[in-house]
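Values below: every heavy atom of this structure, side chains too, minus hydrogens, waters and symmetry copies. Throughout, numbering of the chain's residues begins at 1 and tracks the sequence.
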Amino acid sequence: MRFALELAKKASERGEVPIGCVIADESGAIVGRGGNSREASRNSLAHAEIIAINEACHTLGRWRLEGCTAFVTLEPCPMCYGAFAAARIDRVIYGATNHNPKAAGGDPELISGVLKDDCAELLREFFAGLRGT
């Protein structure tokens with residue numbers, strides 16, 4: 001967590017929200033690190049956690065990060081928590097609690113069911129091809 005805290009301090013020095021994240025593999029070696037970069041990159045996805053996940057995937061040469069642990073200085077927002085889950089990271093350890101109810105931004109309108117049969121069929125065909133059925 002101290003490494004993540006150092007990344008958060010560096011982010012703050014750059015005028016970013018001070019959040020840092022490191023990802024360690026099974027042996028404890030740091031394979032991914034990131035500090036918030038949304039302002040500098042002008043990219044809403046440039047959260048410390050996303051940057052660290054990208055680096056860990058590149059370092060390990062895979063997208064499945066089983067066996068890895070993420071250390072984050074602030075409780076992850078819903079986007080970052082979802083990214084940890086999608087990357088199959090085993091555990092997330094964080095420092096400060098995120099008290100911001102809009103940590104992930106506003107609540108966008110969600111519309112479902114548009115071309116749902118076509119979308120579902122494409123997924124069925126893809127996975128059937130993978131399974132050879």
Side-chain angles (χ1 to χ4, degrees):
M1 186 64 83
R2 291 217 182 272
F3 292 115
L5 195 53
E6 287 303 314
L7 292 168
K9 288 176 184 176
K10 289 178 183 175
S12 179
E13 291 167 4
R14 295 189 315 271
E16 302 282 351
V17 175
I19 301 171
C21 177
V22 296
I23 297 174
D25 68 9
E26 300 90 345
S27 72
I30 294 175
V31 295
R33 50 181 59 99
N36 262 8
S37 296
R38 291 186 306 173
E39 300 300 328
S41 67
R42 293 181 168 84
N43 183 340
S44 61
L45 302 178
H47 288 210
E49 300 93 328
I50 302 300
I51 294 166
I53 290 169
N54 281 329
E55 185 175 297
C57 290
H58 179 75
T59 299
L60 296 174
R62 62 181 200 252
W63 68 267
R64 290 181 181 93
L65 301 178
E66 290 109 336
C68 291
T69 300
F71 297 86
V72 190
T73 58
L74 179 68
E75 177 182 10
C77 72
M79 175 185 74
C80 292
Y81 187 77
F84 286 140
R88 308 220 175 124
I89 289 177
D90 287 349
R91 72 197 52 78
V92 177
I93 300 170
Y94 66 86
T97 300
N98 192 340
H99 296 290
N100 182 353
K102 295 223 178 219
D107 295 321
E109 180 181 6
L110 183 62
I111 300 170
S112 66
V114 178
L115 296 176
K116 69 178 184 179
D117 293 336
D118 296 330
C119 296
E121 182 58 28
L122 180 61
L123 288 164
R124 273 192 294 278
E125 289 173 4
F126 176 80
F127 286 109
L130 285 180
R131 295 180 186 110
T133 57

Gap separating the SG atom of Cys21 from the CD1 atom of Ile53, nearest 0.5 angstrom | 7.0 Å
Shortest non-hydrogen contact between Ala56 and Leu65, atoms and distance | CB-CD1, 3.9 Å
Separation of His58 NE2 from Glu55 CD (nearest 0.5 Å) = 8.0 Å
Residue pair Phe71 / Ala24: nearest heavy atoms and the distance that separates them = CE1-CB, 4.2 Å
Tyr94-Ile23 co-clustered via ILVMFWY side chain contacts under 4.5 Å | yes
Give the table of side-chain donor-acceptor pairs shorter than 3.5 Å for residues 75-93, with sequence neighbours excluded, one pair per line with atom names and distance.
| residue | atom | partner | partner atom | Å |
| --- | --- | --- | --- | --- |
| Glu75 | OE1 | Asn98 | N | 3.0 |
| Asp90 | OD1 | Gly67 | N | 3.4 |
| Asp90 | OD2 | Gly67 | N | 2.8 |
| Arg91 | NH1 | Thr69 | OG1 | 2.6 |

Which atoms form the tightest heavy-atom contact between Val22 and Phe3, and what is the distance?
-> CG1-CB, 3.9 Å
How long is the span from the CZ atom in Arg38 to the NE2 atom in His47, to the nearest 0.5 Å?
-> 4.0 Å
Quick one: CD1 on Ile19 to CG on Leu5, what's the gap to the nearest 0.5 Å?
-> 12.0 Å
For the atom pair CG (Leu45) and OG (Ser37), what is the distance rounded to the nearest 0.5 Å?
-> 12.0 Å
Criterion side-chain contact (heavy atoms from CB on, under 4.5 Å) against Asp118, the qualifying member of Leu115, Leu122, Val114 | Leu115
Nearest atoms (heavy-atom pairs only) where Arg64 meets Glu66 | CB-OE1, 3.0 Å
Are any of the side-chain nitrogens in Arg124 or Glu121 under 4.0 Å away from the carboxylate oxygens of its partner?
-> yes
Tightest non-hydrogen contact, residues Ala52 and Gly34, listed as CB-N, 3.8 Å
Value for OG (Ser12) from CG (Leu7), rounded to nearest 0.5 Å, stands at 12.5 Å
Ile51: which other cluster members, linking ILVMFWY side chains closer than 4.5 Å, directly or transitively?
-> none
Between Val72 and Glu49 the two heavy atoms that sit nearest each other are CG1-OE2, 3.4 Å
